[in-house]
Asker: 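Just passing along the structure, written as C-alpha cells.
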Amino acid sequence: MKTTAMTGTFNRTRNERASMKNKNVFQSMRCAFQGMQAAWKEERNFREYTAIYSVFFFAGLMLGVSAAEFLIGFALVCGVFAAEYLNTALERLLDTKFPEISADNKFIKDTAAAGVFILSIAFFVSQAIILIPKFLEMM
C-alpha cells in the first residue's frame with residue numbers, strides 16, 4: 001500500500017476499504033469487546049488497574065461516597081482504561097511494523113505512557129480528596 005504525499009490516504013480499492021469497515025454498530029461493539037478481552041489476557045496493566053479500581057470502588061461503597069463523587073472516579077478510571085487501550089495499540093503497532101529500536105519509537109511509546117500516567121495521577125488524587133476526609137470522619 002502506498003500513501004499519497006498530498007492526502008496521506010491509502011491507495012486501496014473501494015471494496016478493500018469497505019471490507020475492513022464494520023457493517024453496523026453491533027459489529028463495532030463486538031470488535032470493541034474482543035479488543036478489551038485481548039488486552040485483558042495479554043496486558044498485565046489492565047488486570048492491575050481493575051484490581052486497584054476495585055479497591056477504591058469498595059472503599060467508596062463502605063465510606064458512603066455520593067453519586068457525584070462516584071461518577072468522578074468512574075469517569076477518571078474510564079479515561080485511564082481508554083488511554084491504556086490506545087497506548088497498548090500504539091505499542092503493538094510500533095513493535096510489529098517498526099521493530100527496530102530508535103529514538104523516535106522510544107519517544108512515541110514514552111509520551112503515550114505519559115498520557116496514561118497523567119490520567120492515573122488524576123484518578124488517585126481525586127480518590128484521595130474524596131476518600132481521606134470520609135475515612136477520617138469514621139475514626
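Each residue takes its place number in the sequence, starting with 1.
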Asker: Check this for me, if you would: do Asp95 and Lys109 make a salt bridge, where the nitrogen-to-carboxylate-oxygen distance has to be below 4.0 angstrom?
Answerer: yes

Asker: May I ask you to decide if Phe124's main-chain N or O and Gln127's side chain share a donor-acceptor pair within less than 3.5 Å?
Answerer: no

Asker: Taking it one step at a time, do Tyr49 and Val77 satisfy side-chain contact (heavy atoms from CB on, under 4.5 Å)?
Answerer: CA-CA 8 Å; Tyr49 289 145; Val77 84; 5.9 Å; no

Asker: Same cluster or not: Val125 versus Val55, using hydrophobic residues (I, L, V, M, F, W, Y) connected whenever any side-chain heavy atoms lie under 4.5 Å apart?
Answerer: no

Asker: Do the side chains of Phe70 and Val80 join up, straight or via other hydrophobic residues, at under 4.5 Å, putting them in one cluster?
Answerer: yes

Asker: Identify each donor-acceptor pair in which a side-chain atom of residues 31-46 lies under 3.5 Å from a protein atom, sequence neighbours left out, and give them as a table.
Answerer:
from  : atom 1 : to    : atom 2 : distance (Å)
Glu42 : OE1    : Arg92 : NH2    : 2.4
Arg44 : NH1    : Glu48 : OE2    : 3.3
Asn45 : ND2    : Glu84 : OE2    : 3.4

Asker: Tell me whether Phe98 at atom CZ has more than 12 heavy atoms from other residues, nucleotides or ligands lying less than 6.0 Å away.
Answerer: no

Asker: Can you establish whether the number of heavy atoms outside Ile101 located under 6.0 Å from its atom CD1 is more than 12?
Answerer: no

Asker: Hydrophobic clusters here meaning ILVMFWY residues chained together by side-chain heavy-atom distances under 4.5 Å, can you tell me if Met139 and Ile129 are in one?
Answerer: no

Asker: For a quick test of reading the model, state the closest non-hydrogen atom pair linking Leu90 to Ala112 and the distance between them.
Answerer: CD2-CB, 3.8 Å

Asker: Using side-chain heavy atoms (C-beta onward) and a distance below 4.5 Å, is Gln27 in contact with Asn24?
Answerer: yes

Asker: List the steps, then state whether side-chain contact (heavy atoms from CB on, under 4.5 Å) holds for Met62 with Met138.
Answerer: CA-CA 10 Å; Met62 291 186 333; Met138 288 181 57; over 6 Å; no

Asker: Indicate the ring-plane relationship of Phe123 and Tyr53, choosing parallel, tilted or perpendicular according to the 30° and 60° boundaries.
Answerer: tilted

Asker: Looking at every heavy atom in both Ala128 and Pro133, which two are closest together, and how far apart are they?
Answerer: O-CD, 3.7 Å

Asker: Under a single-linkage definition using a 4.5 Å side-chain heavy-atom cutoff for Ile, Leu, Val, Met, Phe, Trp and Tyr, are Phe107 and Ile118 assigned to the same hydrophobic cluster?
Answerer: no

Asker: Indicate, with yes or no, if Val116 and Leu94 share a hydrophobic cluster defined by side-chain heavy-atom contacts under 4.5 Å among Ile, Leu, Val, Met, Phe, Trp and Tyr.
Answerer: no

Asker: Do side-chain atoms of Asn105 reach the backbone of Glu100 as a donor and acceptor pair under 3.5 angstrom?
Answerer: yes

